[in-house]
Amino acid sequence: MSYDLIVIGTGPGGYVAAIRAAQLGLKTAVVEKRKTHGGTCLNIGCIPSKALLHASHMFQDAQHFADMGIGVSAPTLDLAKMLSFKQEGVEGNTKGVEFLLKKNKIDAFIGHARIAAVGQVEVTGEDGSNQMLETKNIVIATGSDVTRLPGIEIDEKVIVSSTGALELESVPKRLVVIGAGVIGLELGSVWRRLGAEVTVVEYLDRILPGMDGEVAKNFQRILGKQGFQFKLGSKVTGVERTANGATLTVEPAAGGTPETIEADVVLVAIGRVPYTQGLGLDHVGVQLDNRGRIQTDAHFSTNITGIYAIGDVIAGPMLAHKAEDEGVAVAEIIAGKAGHVNYDVIPSVVYTFPEVASVGKTEEELKAAGIAYNAGKFPFTANGRAKVNRTTDGFVKILADASTDKVLGVHIVGPEAGNLIHEAAIAMEFGASSEDMARTCHAHPTLAEAVKEAALAVEKRAIHM
Ligand SMILES: NC(=O)c1ccc[n+]([C@@H]2O[C@H](COP(=O)([O-])OP(=O)(O)OC[C@H]3O[C@@H](n4cnc5c(N)ncnc54)[C@H](O)[C@@H]3O)[C@@H](O)[C@H]2O)c1
């Protein structure tokens, strides 16, 4: 078989690239080694974690129904049922991708892809069968894998990665999370809500590295109120399996006397690494950078003509939506159009309760770059809708250029932050000023009014504060 484009990997980057290419008239195939499409995100990442975040949030909310005058008996947990609720959600999504590939007449091969030569992809099936596919272009969209701690074996039962943390058979009494990044805090939230004591051990002296510092600090306080324990500035130097769980050895990050912590389950959530195993990159001479990522130019081309790469396997934030946008862009470029991704406006969301969301520059980044800015902040305690809903934790912060008023960054911790951030993203995409945002009529009573008020606060003229 001969194609215009073969995409390796059907995660959000790969399947979107394939669909866009097919829309543009390219004869397209995908190769996926998993039996289902959708990659890490749909199978063992974003989607199942959101199902459990939703269900565990409902479980917790149900305990407060009486406050609203709703009489229900105390909720009970059927974890097996909750896990099947999650799995049904995953299947609905992966089947959706399968349907979209068919609808767009994309040939889907299940098996391990290896680039045998420029223009040739060898697919090895689970049964060992081999076939060689010919193609004009290849897009590598193989994603990433869990970062492992040296000397610590992930068994996905007691010492788990994000994959095992979505499948625990019972609620651990003590869950220790290594890494206060997105995965640690999202999956830590799931099990905390279902009753686990959660301790998060983090190497840095803060949570959520990369997020705005003030937001992270406020969010840590909120998680503390929810019962999270934090051990910041601490590194895990060992995890030993015991009869019923594990013992962690933890040292101050700067060195010093080690201590031990007992856990029933340990979640290792210290980041992800690009996944390029078995692709034959050495063999065809595709260059990697010093962090194992495939090196690409501004058009997603590797150093080998006809081989492109997108998503987690290249530089940039490891986010499904960044990969999707790159998928669209690379397909357009291969089809001779002008695909483009605006890396300055990529939102990022932590799907906890409340959510944390951000787009653009943080205060720390602006200070480091020597850019003068004005900050406008508005707390949800002063937002009418948040007040009646009793979800008043958090705030909206807008950072605008001191001389032009152009919005440079927006950071939200609060209810629906993950949805609210998109009004900021659109405003920034169109180069809006904080005044533009402030003068845009916002419906009352909505949580989005907090965004408008934060924009007003940039010029110290918020109304409800
Ligand atoms: N909602 C989302 O957008 C979402 C959800 C899940 C994952 N992701 C992405 O997946 C990737 C992986 O997520 P993650 O949470 O594993 O990584 P992360 O990079 O977000 O956080 C890892 C944390 O572990 C800490 N750490 C590293 N080594 C340590 C050690 N030995 N002891 C203690 N702490 C240590 C780091 O300082 C960091 O804070 C990220 O790129 C993330 O953006 C995104």
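Whatever order the structure lists them in is the order used to number ligands and atoms, beginning at 1. These numbers were taken from a predicted model, which means no experiment stands behind them.
- Residues Y15 and H37 keep their aromatic ring centres 6.0 Å or farther apart.
- Backbone and side-chain nitrogen or oxygen atoms of K50 are examined, and none is located within less than 3.5 angstrom of a nitrogen or oxygen of ligand 1.
- Of the possible polar contacts, one joining the D212 side chain to the E214 backbone as a donor-acceptor pair under 3.5 Å is found.
- More than 12 heavy atoms of other shown residues, nucleotides or ligands fall within 6.0 angstrom of atom CG in D297.
- With a 4.0 Å cut-off on non-hydrogen atoms, L149 touches ligand 1 through its side chain and not its backbone.
- Under 4.0 Å from ligand 1, the heavy atoms of L319 that appear belong solely to its side chain.
- In terms of polar-atom proximity, E186 is counted as a contact of ligand 1, with an N or O under 3.5 Å from an N or O of the ligand.
- For the pair S348 and ligand 1, no heavy-atom separation below 4.0 Å is found.
- Contact annotation: for V349 versus ligand 1, heavy atoms closer than 4.0 Å belong to the backbone alone.
- Here E240 pairs with nothing under the salt bridge (charged side-chain N to carboxylate O under 4.0 Å, His left out) rule; sequence neighbours left out.
- For ligand 1 and I178, the ligand atoms under 4.0 Å from any heavy atom of the residue are 32 (N), 33 (C).
- Taking R221 as the reference, nothing meets the salt bridge (charged side-chain N to carboxylate O under 4.0 Å, His left out) condition, with sequence neighbours excluded.
- Side chains of E326 and Y308: no donor on one and acceptor on the other come within 3.5 Å.
- For the 3.5 Å distance criterion, the side chains of T36 and N43 qualify, holding a donor opposite an acceptor.
- Note: an N/O pair closer than 3.5 Å links Y203 and ligand 1 by distance alone.
- By heavy-atom distance, the residue among G271, G45, S49 lying nearest atom 17 (O) of ligand 1 is G271.
- Residue contact annotation: S144 has no non-hydrogen atom under 4.0 Å from ligand 1.
- A donor atom on one side chain and an acceptor atom on the other are found under 3.5 Å apart for E156 and S161.
- When heavy-atom distances to ligand 1 are checked against a 4.0 Å cut-off, S234 comes that close only through its backbone atoms N, CA, C and O.
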